[in-house]
Amino acid sequence: MINKVRGTQDILPARLLDKTDAQIERWNLVEGAAREVFRLFGFDEIRTPIIEKTELFERGVGTETDVNKEMYTFEDRDGQSVSLRPESTASVVRAYIEHGLFNQPGLVKLYYIGPQFRRERPQKGRYRQFGQIGVEVLGQSDDPAIEAEVIEMLDLYFKKLSITGIEILINSIGDENCRPAYIARLKEAISERLSNLCGNCRGRYETNPLRVLDCKVESCQPYLSELPTITDSLCKACRDHFDQFKQMLDERGIPYTIAPRLVRGLDYYSRTAFEITGSQLGAQNTIVGGGRYDGLSELIGGPPVKGFGFAFGIERMILSLPENIVDARASAPTIFIAYIGDEARRHSFALARRLREAGITTVVDLEGRKLKKALAVANNLSARFALIIGEDEIHRGSYALRDMTTGEQKEVTETELVNNLNGR
RNA sequence: GCGGCUAUAGCUCAGUUGUUUAGAGCGCGUGACUGUGGAUCACGAGGCCGUGGGUUCAAGACCCACUAGCCGCCCCA
């Protein structure tokens, strides 16, 4: 027996599976609501390849980040190093540049839906192949109204899915003008407390001091709270940008929490960083992560482009969904045709064809089962009605229509059937 | 990458201090019921006890390794 690759999963229809987190109905709900809501805000879909040249991610994501170390990278037959995408922002920006979309007037607003790959240790809400839905706003503007509208869109999306108990965390991590000076101050403050911090923090002091702020180790907390926050070190432009952003969220009535120690893992972020956390996810409580990445285009060899976007994990969104939000029977057939005898069997196939042409979801017994067994199958499929066809019915020109919920049965002609059930 | 827990039928799980033929419920199949599902009853099929090694007269059980799942760390979606 060959099993699925570690950290991957099969998504099955709810009827055939008990687990709620791998039901295709839930996936379709999460994806469908995204398409619907994003469309309302004028976003268009983009699909980019699952593999890209490794270089794109090395430059876009950063060589020293963990995401980069977790990539599935291999050499193609011609010697080109390619990688399964660990995230999609770099790909979308690449496509934006490659297709000259910077010549479009105004902002280009795109969303994507698809699998991403990271070779991590799997656990709840964390897979090696995982679904992500994201949006990117690209163009020449960094107006904080972009941030505010995107978060408003997420707010509507969560409402659409009846997900409650989430928290929106926002921060500004400055830009190339004010961040270097802040990092210098931060390093100085950390070095004074270095011996009190955990081993991880001591390592990050060298490689990525901003991440020290994010440390969750209990013993570090008292020292972390003494460190200077970036909020106090922002240059005027960044501070104004952040203030306007917050004001716009206030005006929209969207509640948020300022998280001065929130930083993002990838190298390309600047100014706005945000996360949305949920309560049902165990250790992986971040559902949405996003931010501004004004320098990314240039990092991968493109013209100056400003960008803001987010991505969320489909599996984590599904874990956050209310228990009974999908009706597993929504896709059940309207009619199941059961027949007795060869003549009725042929008649049934022809009738099924006409019913489907009329838009009625129809399943015919293909196995020549006895009536009893055929009805049991209809029951198992949660069919609304069973249509029973024998020689009597054919000669009479009407069939026995059995309501599978009540057990009531009545005679109907084909015309009555089509008129009453059209489109069901 | 690190630590902990777990792995027995399609699913959920029992299986005692190591002993002959490994069990239950649900699900599945057949029948009671020749053209009527769900309820009930009877019967039945279905197991390399995760994989490999070790201890022992004897291993589903004990030991080791590996694999996978879950939980935590790290990181992130």
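In what follows, chains carry the letters A, B, and so on, assigned in the order in which the sequence lines appear, proteins first and then strands, with residues in each chain numbered from 1. These numbers come from the heavy atoms of this one structure, side chains and all, not from hydrogens, waters or symmetry mates.
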Practice problem: Kindly determine whether A:Thr257 and A:Glu167 satisfy side-chain hydrogen bond (donor to acceptor under 3.5 Å, both in side chains), including the steps that lead there. | Solution: CA-CA 7 Å; A:Thr257 304; A:Glu167 195 175 11; 3.0 Å; yes
Exercise. Apply the test salt bridge (Lys or Arg N to Asp or Glu O under 4.0 Å) to residues A:Lys306 and A:Asp294: give CA-CA distance (whole Å), side-chain angles for both, the deciding distance (0.1 Å), then the verdict.
Key: CA-CA 4 Å; A:Lys306 289 172 174 156; A:Asp294 292 344; 5.8 Å; no
Exercise. Begin with the C-alpha distance, continue with both residues' side-chain angles, and end with the deciding distance and a verdict on salt bridge (Lys or Arg N to Asp or Glu O under 4.0 Å) for A:Arg252 and A:Glu149.
Key: CA-CA 9 Å; A:Arg252 285 166 170 77; A:Glu149 189 177 82; 5.4 Å; no
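Partner assigned to B:rG25 is B:rC11, using Watson-Crick or G-U wobble distances below 3.5 angstrom. In this structure, B:rG1 forms a base pair with B:rC73, meeting either the Watson-Crick or the G-U wobble geometry with both donor-acceptor distances under 3.5 Å. For B:rG31, the paired base is B:rC41 (Watson-Crick or G-U wobble, both distances below 3.5 Å). When both pairing distances are held under 3.5 Å, B:rG18 makes no Watson-Crick or G-U pair with any nucleotide shown. Under the Watson-Crick or G-U wobble criterion, with both distances below 3.5 Å, B:rA59 has no partner in any strand shown. Checking B:rA68 for Watson-Crick or G-U wobble geometry (two distances, each under 3.5 Å) identifies B:rU6 as its partner.
Residue side chain A:Glu275 does not reach the base of B:rA77 through any donor-acceptor N/O pair under 3.5 Å, judged by distance alone. One cannot find a donor-acceptor pair under 3.5 Å joining the base of B:rC76 and the side-chain atoms of A:Arg121. No hydrogens or angles were tested; on distance alone, nothing pairs the side chain of A:Glu391 with the base of B:rG35 as donor and acceptor under 3.5 Å. Scanning atom types as modelled, one donor and one acceptor separated by under 3.5 angstrom connect the side chain of A:Arg118 and the base of B:rA77.
The salt bridge (Lys or Arg N to Asp or Glu O under 4.0 Å) test with A:Asp44 is passed by exactly one of A:Arg39, A:Arg35, A:Lys109: A:Arg39.
With P as the reference atom, B:rA39 and B:rA58 are 49 Å apart, rounded to whole Å. To the nearest whole angstrom, the two P atoms, one in B:rU20 and one in B:rC73, are 44 Å apart. Straight-line distance between the C1' atoms of B:rA61 and B:rC49: roughly 10 Å, to the nearest whole Å. Taking atom C1' in both B:rU19 and B:rU67, the straight-line distance is 30 Å, to the nearest Å. As rounded to the nearest Å, B:rG10 and B:rG29 have P atoms that lie 15 Å from one another. For the C1' atoms, the distance from B:rG53 to B:rG46 is 30 Å, rounded to whole Å. To the nearest whole angstrom, the two P atoms, one in B:rA24 and one in B:rG44, are 11 Å apart. B:rC57 and B:rU12 have their C1' atoms separated by 37 Å, with the value rounded to a whole Å.
Minimum atom distance to the side chain of A:Leu371 is reached by B:rG35, of the listed B:rG35, B:rG38, B:rA77. Closest contact between the side chain of A:Asn285 and the listed nucleotides B:rC70, B:rC76, B:rA77 involves B:rC76.
Formation of a donor-acceptor pair under 3.5 Å by the A:Thr286 side chain with backbone atoms of A:Val288 is not found in this model. Remark: side-chain polar atoms of A:Thr362 are paired, donor with acceptor, to backbone N or O of A:Ile360 under 3.5 angstrom. With hydrogens and angles disregarded, a donor-acceptor distance shorter than 3.5 Å links the side chain of A:Asp365 to the backbone of A:Arg369. A donor-acceptor pair under 3.5 Å is absent between the side-chain atoms of A:Lys159 and the main chain of A:Thr164, judged by distance alone.
Among the atoms of the strands shown, none is found under 4.0 Å from any heavy atom of A:Gly134. Nucleic acid contact for A:Ser88: none, since no nucleic acid atom lies under 4.0 Å from a heavy atom of the residue. Contacts of A:Gly290 with the nucleic acid, taken as non-hydrogen atoms under 4.0 Å apart, are absent. Using a 4.0 Å heavy-atom distance criterion, A:Asn3 is classed as making no nucleic acid contact. Residue contacts for A:Ala378: at a heavy-atom cut-off of 4.0 Å it reaches no nucleic acid atom on any strand shown. Within the 4.0 angstrom heavy-atom criterion, only backbone atoms of the sugar-phosphate kind lie near A:Val288; the bases stay farther away.
Each of A:Pro122 and A:Ile314 lies near RNA chain B, and the nucleotide nearest A:Pro122 is the one positioned closer to the 5' end. Comparing A:Arg119 and A:Thr8 against RNA chain B, the residue whose closest nucleotide sits nearer the 5' end is A:Arg119.
The aromatic ring of A:Phe312 does not sit over the base of B:rA77; the criterion of centres under 5.5 Å apart with planes under 30° is not met.
A straight line from CG of A:Asp403 to P of B:rG38 spans 16 Å, rounded to a whole angstrom. A:Arg6 has its CZ atom 18 Å from the P atom of B:rG50, to the nearest Å. Summarising the geometry, the separation between CZ on A:Phe117 and P on B:rC76 is reported as 20 Å, rounded to the nearest angstrom. Look at CG on A:Leu387: it is 18 Å from P on B:rG35, rounded to the nearest Å. Rounded to whole angstrom, the span from the CD atom of A:Glu120 across to the P atom of B:rC70 amounts to 13 Å. Remark: P of B:rC70 and CD of A:Glu315 are 12 Å apart, rounded to the nearest angstrom. Rounded to whole angstrom, the span from the CG atom of A:Leu169 across to the P atom of B:rA77 amounts to 14 Å. A straight line from CD of A:Gln123 to P of B:rG69 spans 12 Å, rounded to a whole angstrom.
Between A:Phe38 and A:Phe43, the ring planes lie tilted relative to each other; the angle falls in the 30° to 60° range.
Between A:Phe312 and A:Tyr157, a ring centre-to-centre spacing shorter than 6.0 Å is recorded.
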Quiz item: For every nucleotide of nucleotides 28-34 of chain B, 5' to 3': is a protein heavy atom under 4.0 Å from its base (B), only from its sugar-phosphate (S), or from neither (-)?
Solution: --SS-B-
